[in-house]
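Excluded from the calculations below are hydrogen atoms, water molecules and symmetry mates; all remaining heavy atoms, backbone and side chain alike, are included. Numbering of ligands and ligand atoms starts at 1, following listing order. Here the structure is a predicted model, which is why all the values come from computation and not from measurement.
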Amino acid sequence: MSEKVYDVPSEWAHKAYVDDAHYQSMYAASVKDPDAFWGEHGKRIDWFTPYTKVKNTSYDPGHVSIKWFEDGVTNVAYNCVDRHLETRGDQVAIIWEGDSPDESRNITYRELSSEVNKLANVLRNRGVEKGDRVTIYLPMIPEAAFAMLACARLGAIHSIVFGGFSPDSLAGRVADCGSKCIITADEGLRGGRKVPLKANVDAAIAQIPEGVDHVIVVRRTGGKVDMTPGRDVYYDEAAAMVTDECPAEHVNAEDPLFILYTSGSTGKPKGVLHTTGGYLVYASMTHQYIFDYHPGDIYWCTADVGWVTGHSYIVYGPLANGATTLMFEGIPNYPTVSRFWDVIDKHKVSIFYTAPTAIRSLMQAGEEPVKRTSRASLRLLGSVGEPINPEAWEWYYRVVGEERCPIVDTWWQTETGGILITPLPGATKLKPGSATRPFFGVMPEVVDAEGKVLEGACEGNLVIADSWPGQMRTVYGDHERFEQTYFSTYPGKYFTGDGCRRDADGFYWITGRVDDVINVSGHRMGTAEVESALVAHPKVSEAAVVGFPHDIKGQGIYAYVTLMDGEEPTEELRKELVAWVRREIGPIASPDLIQFAPGLPKTRSGKIMRRILRKIAEDQFESLGDTSTLADPGVVEDLIHNRQNKR
Ligand code: WTA
């Protein structure tokens with residue numbers, strides 16, 4: 001752990017929205033009287049019918065229920081677009097930077113309004129109504145934001161599936177929420193390579209017995225794709241037939257805004273459901289205070305809209321605030337490893353928000369590709385997705401930010417809707433590797449394995465004692481799973497699944513997942529998902545998957561595989577299994593290492609001892625702990641002997 005501390009520069013304390021004293025008093029007020037605090041801050045968005053109730057939440061076992069602003073009526077697209085037209089219609093809302101540095105586009109709020117209304121009309125003409133689910137499977141093109149806002153305008157619920165997911169994964173997500181409409185593109189483009197999105201959609205639909213009614217295809221590359229008559233339509237052709245005026249549906253604060261599938265410890269990915277009012281209040285307020293967003297800033301979050309970071313901090317938070325948000329189609333190392341910094345110079349980006357895995361990979365290329373660029377416009381840096389190691393933090397601070405830009409290390413989750421633990425740049429001193437302190441209204445606690453609340457400096461599991469407006473409301477179609485997953489481990493509290501340490505200053509240091517979720521390049525993977533993909537292969541009899549430390553990705557995927565009797569553990573089969581998992585789930589789930597294991601360490605009752613497998617994958621052979629309860633202690637020797645040492 002780094003012991004370094006960076007004090008808040010006095011200039012920042014003066015100019016930012018809040019300094020430390022202000023933070024302390026606002027935080028105290030927010031937890032003392034959440035109704036009063038959020039009752040006031042809920043007004044930051046426009047309401048068609050103002051709310052009279054603020055917080056109505058319960059974490060009681062068996063009765064978990066979360067409602068905020070429940071009698072208010074609003075519309076998210078109205079707040080992100082319409083309400084800005086009078087004051088900033090000609091301001092750029094979205095800067096789009098294409099995969100190729102030769103392609104970019106500025107979209108003003110007025111143009112955004114026209115595009116969102118058109119797309120909403122195209123959906124409406126196809127029968128999409130309030131409450132219907134629409135799946136979005138698009139690359140990072142402006143139409144992704146138009147599509148989200150068009151759904152919000154109609155009160156339809158979008159479910160974005162990251163373009164890197166396979167047809168199988170897409171099919172599962174379309175079927176789970178019963179989407180009748182998919183918005184996609186002919187092909188995506190990343191790092192000069194094409195991604196066959198429409199072909200993937202066709203393959204996915206072939207697996208869904210009920211099929212889907214409509215597929216709207218945005219032309220991105222102009223590549224030739226199959227179009228099914230009656231079902232598929234090119235977006236430009238459909239848009240040419242509609243006006244750019246579509247009324248914004250009146251939507252209740254607790255009506256759903258979106259579903260986003262995310263991995264957990266067990267089972268299939270769950271549909272995290274977020275609703276309208278509380279989510280938007282929370283996304284916009286966190287965006288303003290944490291990034292100290294002021295009019296005139298050019299703000300860039302490098303996430304993909306397929307993840308929650310893209311939802312809250314590319315689209316909803318920034319646009320609710322009338323910001324200029326940059327959307328990047330490409331990847332950090334194409335055409336060169338200076339690409340991020342070139343884009344910052346090209347568009348004069350002042351606030352830059354990225355992931356530790358990107359920083360670590362760019363760090364490897366040395367300082368020169370950074371120093372060759374100016375970055376004079378930058379004033380604030382952010383990090384998200386996984387714990388940032390102090391070395392990467394220092395490099396980001398010193399080389400990228402030239403020691404003048406504070407770094408906000410923001411801890412949060414798909415489930416939390418917005419950032420929960422983070423520095424505020426004018427208020428919080430920085431400690432490399434620490435997400436520091438809770439945002440307004442957030443009540444973190446550290447508990448031990450039995451659920452006892454620990455005081456002062458301590459280490460344990462991170463729970464949140466009470467609700468905040470951006471919290472997920474349920475697992476789509478499975479409220480019991482919601483309660484079971486998040487509220488049963490420590491009854492009466494929201495369990496995050498993360499471990500953490502709190503230091504003597506009350507600063508939080510997230511230590512990583514304590515459940516069977518691994519974090520690969522900031523992407524969440526359930527080990528159970530990878531295991532079920534592996535055992536679906538005809539030559540595999542059993543598989544156990546764990547994470548292991550990986551220099552760039554943070555964690556890599558380590559798979560122990562037992563083959564069917566008579567199958568040979570060849571190098572070829574190893575490659576075949578990697579390709580198999582890519583096909584089943586998507587490239588982000590490719591195992592980094594596969595170890596063929598004649599047997600897995602199991603208890604006498606047949607439970608796989610993952611603790612031991614994790615230690616072997618981490619090369620911690622001395623700290624395997626007690627192996628005497630194993631049915632066959634001999635397998636451990638064998639596993640150690642054959643440890644895959646190829647990193
Ligand atoms: C991890 C991404 C440490 C954590 C927004 C969490 C972090 C999981 C940080 C959620 C951070 C995210 N420091 N760990 N600043 N940010 N995490 O749902 O383990 O994709 O539980 O949401 O990422 O990942 P998710």
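Looking only at distances, no side-chain donor or acceptor of Arg582 sits under 3.5 Å from a matching main-chain atom of Ser166.
Note: no N/O pair closer than 3.5 Å links Thr262 and ligand 1 by distance alone. Polar contact check, Thr496 against ligand 1: no nitrogen or oxygen pair lies under 3.5 Å apart. Checked against a 3.5 angstrom limit, the closest N/O atoms of Arg524 and ligand 1 fall inside it.
Which parts of ligand 1 touch Asn519 is read off a 4.0 Å heavy-atom cut-off, strictly below it: atoms 1 (C), 23 (O). Of all the atoms in ligand 1, the ones that sit under 4.0 Å from a non-hydrogen atom of Thr410 are 9 (C), 11 (C), 15 (N), 16 (N). The distance from ligand 1 to the heavy atoms of Asp409 drops below 4.0 Å at these ligand atoms: 11 (C), 13 (N), 15 (N). Interface of Thr309 with ligand 1, defined as ligand atoms under 4.0 Å from a residue heavy atom, comprises 5 (C). Listed by number with element, the atoms of ligand 1 under 4.0 angstrom from any heavy atom of Ile510 are 3 (C), 14 (N). In the vicinity of Thr414, heavy-atom distances shorter than 4.0 Å reach the ligand 1 atoms 18 (O), 20 (O), 22 (O), 25 (P).
Ser623 is listed as a side-chain neighbour of Lys615, based on a closest heavy-atom distance under 4.5 Å. Counting only heavy atoms from C-beta outward, the side chains of Phe495 and Val514 approach each other to under 4.5 Å. Residues Thr416 and Trp468 form a side-chain contact, since some pair of their non-hydrogen atoms from C-beta on lies under 4.5 Å apart. Using a 4.5 Å heavy-atom cutoff, the side chains of Thr496 and Trp411 are in contact.
A salt bridge links Arg379 with Asp297: at least one charged nitrogen is closer than 4.0 Å to a carboxylate oxygen.
Annotation: atom 3 (C) of ligand 1 to nearest protein heavy atom, Pro387 N, 3.1 Å. What sits closest to atom 4 (C) of ligand 1 on the protein, heavy atoms only, is Asp498 OD2, 3.1 Å.
In this structure, Trp412 counts as a contact residue of ligand 1, since one of its heavy atoms falls inside 4.0 Å of the ligand. Ligand 1 is approached by Gly385 to a heavy-atom distance shorter than 4.0 Å.
By the neighbour-count criterion of 12 heavy atoms within 6.0 Å, atom CD of Gln620 is densely surrounded, having more than that number from other residues, nucleotides or ligands. Within a 6.0 Å sphere centred on NZ of Lys493, heavy atoms belonging to other residues, nucleotides or ligands number more than 12.
For the pair Arg173 and Phe165, the distance from NZ or CZ to the six-membered ring centre is under 6.0 Å and the angle to the ring normal is within 45 degrees.
When non-hydrogen atoms are compared, ligand 1 lies under 4.0 Å from the backbone of Glu386 (N, CA, C, O) but not from its side chain. Contact annotation: for Val517 versus ligand 1, there are no heavy atoms closer than 4.0 Å.
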Exercise. Going through the checks in order, is the ring-ring contact (aromatic ring centres under 6.0 Å, His included) test met by Tyr313 and Trp412?
Worked result: CA-CA 12 Å; Tyr313 299 113; Trp412 60 297; 5.1 Å; yes
